[in-house]
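All of these numbers come straight from a predicted model, not from anything done at the bench.
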Amino acid sequence: MKKLLMKYVFTTLLLGLLISVNTKETKAMSRTEVYLEVGESYSIDISTKEPVLDNYGDEDKKVTSATFNKDKTKLTMKALAQGNATFYICKNGQKKTDNRVRTIKVHVYPESTNLTPSLKNNISHAVNDKNNYTNQPVYLYNGYSCGITVVTANCPTNVSSDTSGKAKAVAASSIYECNSDGSSITNGNFHFSPTGISGLYRPFYSANCKGSKTPVTTYIRGMAVWYSSTGKEHYTKFKIITVKIYPKPYVTVTDQNGAAVSTANMTIGNPMKLYVSLAGMQNNEVVSSKECVVQDESKLDVDEENGYWLATPIGNTWNVPVKATFKYSIKNELTQRNYDGYTTFSKVITFSIGSLKPTNITGATCGKNSIRVTWEKNNEAARYKLYRADTPNGDYDDIAETGDTFFVDDDVEVGKTYYYRVTCIGSDGDAESPMSEYRAVKFVKTTTGGTGNKVTTKSKKLKKPKFTISASNGSLKIKIKKKAGKYNASGFQIKVKRGKRTIINPTKWKKTSFKLKNVQKGKKYTIYIRTYKGKKKSAWVKKTKKA
């Protein structure tokens with residue numbers, strides 16, 4: 001029992017001694033980390049007695065040298081070549097891991113004066129170097145902006161572990177507009193306005209083309225700088241890129257009189273011709289595409305015609321204007337080097353559309369053999385249509401369509417009362433206003449007044465025509481069943497619409513056949529035909545056919 005007790009005490013003491021020794025020898029090491037450029041030296045004070053260097057082999061000597069002073073109170077390291085070196089300072093003159101008291105890590109970078117950074121823009125690249133924006137010339141329009149980033153290699157980008165507190169990671173320096181040789185521009189000759197700087201990136205705004213109508217050329221230079229653990233600045237060489245600034249084109253919109261248009265008040269049935277162009281283009285620039293985007297196509301239709309755009313009002317906007325945006329894209333150097341949207345220009349026109357308003361009958365007077373009906377002029381109307389009935393609320397037949405503000409009705413009988421109403425017709429020949437209030441007049445033959453023609457016989461009432469439509473080989477053939485005389489008429493009037501648009505306004509026609517060529521396949525065409533004799537016209541007869 002006594003032997004066992006002594007053995008236990010001995011074992012406990014030995015274990016405690018081992019723990020004590022191990023704890024002492026594995027004490028945490030201090031750490032030094034520095035950043036140097038080739039050729040620089042850095043010294044640190046040594047507090048350990050009789051220090052020695054461990055793990056300092058031939059590979060490390062290629063990066064940096066490390067030597068003590070005479071009394072071993074200071075260690076000096078000199079950067080020899082690019083790379084990393086690690087040293088360990090040990091105590092008690094031993095090279096053992098468990099005796100290490102300090103770790104020294106040295107980061108060595110090449111001489112900055114031998115380095116040239118790259119300048120990366122965020123807009124332009126060559127066609128054959130797609131997606132590579134580094135060291136590429138910049139092409140942009142006056143009033144547009146671009147950003148320049150300094151890109152460097154072999155310079156420290158993170159020095160957060162620096163012990164000295166003096167090292168700073170690489171940052172942009174002197175990113176600015178310059179002359180072609182990199183020299184500074186004299187005050188007042190700048191084409192760029194810098195809008196701020198953040199790290200390696202700087203945006204520029206093209207604010208001055210000096211009124212030039214042709215492209216101007218300028219340059220941007222940039223370099224990089226970093227600070228080593230000694231506090232010394234290290235500058236790279238500078239890099240220059242070319243910037244070409246174009247005057248910015250602009251969209252112009254004018255009416256048929258040459259007046260600029262930004263807003264338009266229209267009435268249904270009265271289309272408007274707009275002349276749209278891209279002004280300020282260079283000789284080497286051409287329009288590659290153009291379109292008009294209408295905010296509400298149920299209110300407005302805009303199509304390009306031969307040399308102009310035709311804006312056709314369709315629905316009332318009720319004082320809420322509808323927008324039409326004209327977009328023009330061009331092809332030039334910028335298109336080749338920048339994204340397509342960068343060379344698209346637009347202009348917005350707002351349209352307020354109202355319904356065609358009616359007019360009022362101002363008089364109906366009897367002549368020797370006629371009744372002369374007059375009405376107020378409506379500036380929104382291209383023509384007028386006169387209707388007549390035998391009773392106030394009866395069926396009104398259109399008896400005339402004219403551009404005048406009067407009509408002489410010579411198809412009258414003595415003692416009979418006639419009721420007249422008039423409507424306004426838009427310039428498209430299709431839109432029609434509501435009817436006016438009726439005007440009643442009893443025909444009494446007079447010997448004075450009136451402008452009627454002498455009537456020897458009562459004219460027969462015009463009959464509505466009958467016709468067929470057939471589609472064949474990109475055309476529509478219209479066949480009227482009888483000659484005009486069979487309908488008590490002297491000829492026919494034909495009108496054609498494609499969808500909602502009138503493509504042929506009322507046209508007089510003598511023959512019984514009509515061929516509409518070059519129709520668009522799949523489109524619906526509406527054919528209107530009526531008979532006429534003098535100023536008399538029958539009601540329209542319409543039929544629709546898909547080409």
If we check side-chain contact (heavy atoms from CB on, under 4.5 Å) with Ile175, which of these qualifies: Thr149, Leu200, Val150?
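So the option named by the test is Val150.
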Using the rule side-chain contact (heavy atoms from CB on, under 4.5 Å), only one of Thr343, Thr335, Leu278, Asn332 pairs with Glu285; which is it?
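It is Asn332; the other options fail the test.
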Side chain to side chain, [X] and [Y], heavy atoms closer than 4.5 Å:
X      : Y      : answer
Tyr275 : Gln256 : yes
Phe87  : Thr103 : no
Val251 : Val276 : yes
Thr423 : Tyr387 : yes
Leu80  : Val63  : no
Arg221 : Asn179 : no
Tyr235 : Ser173 : yes
Met266 : Met272 : yes

Atom [atom1] of [X] with >12 non-hydrogen neighbours under 6.0 angstrom:
X      : atom1 : result
Asn114 : CG    : yes
Asn319 : CG    : no
Lys244 : NZ    : yes
Asp181 : CG    : yes
Lys120 : NZ    : no
Lys542 : NZ    : no

Under a 3.5 Å distance rule, please check whether [X] uses its side chain to pair with a backbone N or O of [Y] as donor and acceptor.
X      : Y      : answer
Asn142 : Pro247 : no
Asp398 : Glu401 : no
Thr317 : Ile353 : yes
Thr359 : Glu376 : yes
Lys237 : Pro117 : no
Asp255 : Asn257 : yes
Ser513 : Lys479 : no
Glu177 : Phe192 : yes
Thr236 : Ala224 : yes
Thr32  : Ser30  : no

Salt-bridged, Asp430 to Lys500, with N to O below 4.0 Å?
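Here Asp430 does not pair with Lys500 in a salt bridge, since their nearest N and O are not under 4.0 Å apart.
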Would you tell me whether [X] and [Y] have side-chain atoms, one donor and one acceptor, within less than 3.5 Å of each other?
X      : Y      : answer
Thr502 : Asp428 : no
Asn270 : Glu380 : no
Tyr532 : Gln493 : no
His107 : Asn84  : yes
Thr544 : Thr526 : yes
Glu40  : Ser228 : yes
Ser277 : Thr252 : yes

For residues Glu233 and Val225, report the shortest heavy-atom separation together with the two atoms involved.
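Shortest heavy-atom contact: CB-CG2, 4.4 Å.
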I want to know whether Trp226 and Tyr109 have ring centres closer than 6.0 Å.
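Yes: the rings meet the under 6.0 Å criterion.
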For residues Tyr139 and Tyr342, establish whether the separation of their ring centroids is below 6.0 Å.
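Ring centroids of Tyr139 and Tyr342 are no less than 6.0 Å from each other.
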Under 6.0 Å from the ring centre and within 45 degrees of the ring axis: does the NZ or CZ of Lys273 meet both conditions for the six-membered ring of Trp309?
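Lys273 over Trp309 ring: no.
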Trace of the ring-ring contact (aromatic ring centres under 6.0 Å, His included) decision for Tyr141 with Phe345
CA-CA 11 Å; Tyr141 282 111; Phe345 305 90; 5.1 Å; yes
Qualifying side chain to side chain donor-acceptor pair (under 3.5 Å) pairs with a residue from residues 158-168, counting only residues at least two apart or across chains
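Checked against side chain to side chain donor-acceptor pair (under 3.5 Å) - neighbours excluded - the pairs reaching residues 158-168 are Glu33-Ser161, Tyr35-Ser161, Asn158-Ser160, Asp162-Ser164, Asp162-Ser229.
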My understanding is that only one of Phe514, Phe492, Phe467 makes a ring-ring contact (aromatic ring centres under 6.0 Å, His included) with Trp509; could you say which?
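So, applying the ring-ring contact (aromatic ring centres under 6.0 Å, His included) to Trp509 and each of Phe514, Phe492, Phe467, only Phe514 qualifies.
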Walk me through it: do Asn121 and Gln136 pass the test side-chain hydrogen bond (donor to acceptor under 3.5 Å, both in side chains)?
CA-CA 7 Å; Asn121 75 80; Gln136 299 270 15; over 6 Å; no
Please identify which of these residues, Gln82, His234, Lys232, meets the side-chain hydrogen bond (donor to acceptor under 3.5 Å, both in side chains) condition with Glu37.
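Among Gln82, His234, Lys232, the one meeting side-chain hydrogen bond (donor to acceptor under 3.5 Å, both in side chains) with Glu37 is His234.
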